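Structure first, commentary second.
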Number of protein chains: 2
Amino acid sequence: MHTEPRPIEHQQADAKQLESSFKVACSNCNLRELCLPIGLSSNEMQQLDGMVATRKKIKQGGHLYSSGDAFTMLYAIRTGFFKTCVVSEDGREQVTGFQMAGEIMGLDGIVSDKHNCNAIALEDAEVCVMPFNHVEDLSRQIPMLQRHVHKIMSREIVRENGVMMLLANMRAEERLAAFLLNLLQRLHARGYSKSELILRMTREEIGSYLGMKLETVSRTFSKFSEEGIIEVKQKNIRILDHDKLKAIFNASTC
Amino acid sequence: MHTEPRPIEHQQADAKQLESSFKVACSNCNLRELCLPIGLSSNEMQQLDGMVATRKKIKQGGHLYSSGDAFTMLYAIRTGFFKTCVVSEDGREQVTGFQMAGEIMGLDGIVSDKHNCNAIALEDAEVCVMPFNHVEDLSRQIPMLQRHVHKIMSREIVRENGVMMLLANMRAEERLAAFLLNLLQRLHARGYSKSELILRMTREEIGSYLGMKLETVSRTFSKFSEEGIIEVKQKNIRILDHDKLKAIFNASTC
DNA sequence: ACGGCTACTTGATGCACATCAAATGGATAG
DNA sequence: CTATCCATTTGATGTGCATCAAGTAGCCGT
């Protein structure tokens, strides 16, 4: 899939890569506080620049990797927005996460040398491609990097613990509130507004992630809207009452 | 809790530790195929023996660690059975996993240097205590160990992906079937029967893990029993029709 | 053996969300 | 500009599981 030859774009990519061989280095990347190189000395940072083998553009709807693919690379998102999803034997799809700039993808593949989920771009995206072998090599040389890799994996484990709590214990309104607050917080860390966001995913994808049907997602948005908590215009969400959203999230007591 | 002094046992433990300072080494542990030292040379294995600082016994119901505790150690289960659970702000408890011999606990603490969940023994247990700093040091020296640590964390991520699928998409019967099959498979890898198991956890704990109420767990057990799929005697479960269990697990189509 | 405890089972009822169905509205291609 | 498509909204109805309630059975310490 998506293997149509696009020679022109390839040429552009090559040119860009040459032209900006240091501009796009980790040591210079404006995501460096979010991405792998956090907390490294400038010396170590430069060692790290070699970690990114290439960069890769993914069109909206394109697969960064698919379940079953051989695992050799980790990916750091430079721009764009992804979802990851697993598919059960009988074809049911479960969105396991949404990823944005600075986040690392591909960790699911380490255990079995095969990817365990599909990673699909929800908008045109670009990622840094990092051979995992190389990450491991550098990790052995740079303890700070080693620690950071461990933290990234641990963070993912903890995140999923939270999702389990959400799926097992919370009601539709709580789930959606938690989802919005989580997105807002992550976007805020990237310099976006705390009171506005654009959903890059459909109601169905939100529903899959939150364990509810798209109709229920829609209804819950409408309910929040009627209650003056948010304003919904298609994929554009404006937060009118951040506190009330938090209250819904925290409260079984309501 | 469980802090009553037991000097005699302590003496025994001390004696045992001295007497068997190599018997209990990783290089000699009968869990070595399941636990951290998988695939190491005997030389590397001996390096690893120093990784386990001490061992620790936990009484049934005791906490190995609690949410908020400082994180410094990983734990490898030698004997016994644990649950891990997170507690939300409003006090709802969510069991995030059940762990048995050879499995590693504590990974949730790496990201924030604090544990993010409670680890509670469901029966008397013993664990190997491994200072995480030491694990990291050795990982830098032994690439095979480094890889294995990464795989363990990745495995946990993938496992949780599966739980998300289960919680979001499956019905009560499918969840319980999946749960039983998973336990059976893991016990089988440890030399236990494929057709019999003893549940170390209560119906309520199963329910928490699977996102259903204890009454529903009980009813579903009863249903499986009526259908001749399993035999339930308290915590003892005998599998009468493994295939049918698998069919329930796989099938929305039923 | 006894009382008290906790875990579990089973039944009756209610509700949150799924399902089914239809209408609306943006977006896009011709 | 219009036709088509897909995402979304909204309404009507159904259902799987939660909730409430009561009873049973092991288990533990005395």
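Side chains included, hydrogens not; waters and symmetry mates left out as well; all remaining heavy atoms used. The sequence lines fix the lettering, A, B, ..., with proteins before strands; numbering per chain opens at 1. Not measured: the values here are computed from a predicted model.
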(message) Any base atoms under 4.0 Å from B:K223, or only sugar-phosphate, or nothing? Heavy atoms, all strands.
(response) nothing
(message) If you assign B:S222 and A:R175 each to the DNA chain C nucleotide with the nearest heavy atom, which residue ends up on the more 5' nucleotide?
(response) B:S222
(request) Provide, to the nearest angstrom, the distance between the NZ atom belonging to A:K233 and the P atom belonging to C:dG25. (result) 15 Å
(message) Between C1' on D:dT8 and CE on A:M201, what's the gap in Å once rounded to a whole number?
(response) 16 Å
(request) Would you mind telling me which of D:dG26, D:dC20, C:dT19 lies closest to the side-chain atoms of B:E215? (result) D:dC20
(request) Grab the CG-P distance between B:N169 and C:dC17 for me, whole Å please. (result) 16 Å
(request) May I have the distance from B:Q60 (atom CD) to C:dT6 (atom C1'), rounded to whole angstrom? (result) 13 Å
(message) Can you identify which nucleotide, out of C:dT9, D:dA18, D:dG26, has its nearest atom closest to the B:V232 side chain?
(response) C:dT9
(request) Please determine if a side-chain N or O atom of A:R219 lies less than 4.0 Å away from the OP1 or OP2 oxygen of D:dT9. (result) no
(message) So if I take every side-chain heavy atom of B:A172 and compare against D:dC20, C:dC17, D:dC17, which nucleotide ends up nearest?
(response) D:dC17
(request) Take atom CZ of A:F221 and atom P of D:dT9, then tell me their distance rounded to the nearest Å. (result) 8 Å
(message) Using a strict threshold of under 4.0 Å (side-chain N to carboxylate O), is an ion pair present between A:E227 and A:K223?
(response) yes
(request) Rounded to the nearest angstrom, tell me the gap between atom CE in B:M212 and atom P in D:dA18. (result) 7 Å
(message) Given C:dC8, D:dT9, D:dC17, identify the nucleotide with an atom nearest to the side chain of B:R203.
(response) C:dC8
Let me check something: any side-chain donor-acceptor pairs from residues 93-107 of chain A under 3.5 Å, sequence neighbours excluded? List them with distances.
residue: A:E93; atom: OE2; partner: A:K83; partner atom: NZ; Å: 3.4
residue: A:Q94; atom: OE1; partner: B:N169; partner atom: ND2; Å: 3.0
residue: A:Q94; atom: NE2; partner: A:S208; partner atom: O; Å: 3.0
residue: A:T96; atom: OG1; partner: A:T84; partner atom: O; Å: 3.2
residue: A:T96; atom: OG1; partner: A:T84; partner atom: OG1; Å: 3.0
residue: A:Q99; atom: NE2; partner: A:T84; partner atom: OG1; Å: 3.1
residue: A:E103; atom: OE1; partner: A:M100; partner atom: N; Å: 2.8
residue: A:E103; atom: OE1; partner: A:R186; partner atom: NH2; Å: 2.9
residue: A:E103; atom: OE2; partner: A:R186; partner atom: NE; Å: 3.2
residue: A:E103; atom: OE2; partner: A:R186; partner atom: NH2; Å: 3.4

(request) Side chain of A:K213 only, please: which of C:dA16, D:dT9, C:dA18 is the nearest? (result) C:dA18
(request) Nearest whole angstrom, please: distance from the C1' of D:dT19 to the CG of B:L214. (result) 11 Å
(request) Identify whether any heavy atom of B:T202 sits under 4.0 Å from a base atom; if not, whether one sits that close to sugar-phosphate; answer base, sugar-phosphate or nothing. (result) sugar-phosphate
(request) Considering just the side-chain nitrogens and oxygens of A:T216, establish if one lies under 4.0 Å of OP1 or OP2 belonging to C:dA18. (result) yes
(message) Looking at B:R92 and A:E174, is there a salt bridge between them, counting it only when a charged N and a carboxylate O are closer than 4.0 Å?
(response) yes
(request) Quick one: label B:K235 by what it contacts on the DNA or RNA (base, sugar-phosphate, nothing), any heavy atom closer than 4.0 Å. (result) sugar-phosphate
(message) I need the CD-P distance between A:Q234 and C:dT28, as an integer number of Å.
(response) 12 Å
(message) If we check side chain to side chain donor-acceptor pair (under 3.5 Å) with A:Y65, which of these qualifies: A:N118, A:N116, A:D108?
(response) A:D108
(request) Look at all strands and tell whether A:G207 reaches a base, only sugar-phosphate, or nothing, counting heavy atoms closer than 4.0 Å. (result) nothing
(message) Give me the atom names and distance for the closest heavy-atom approach of B:G211 to A:A168.
(response) CA-CB, 3.7 Å
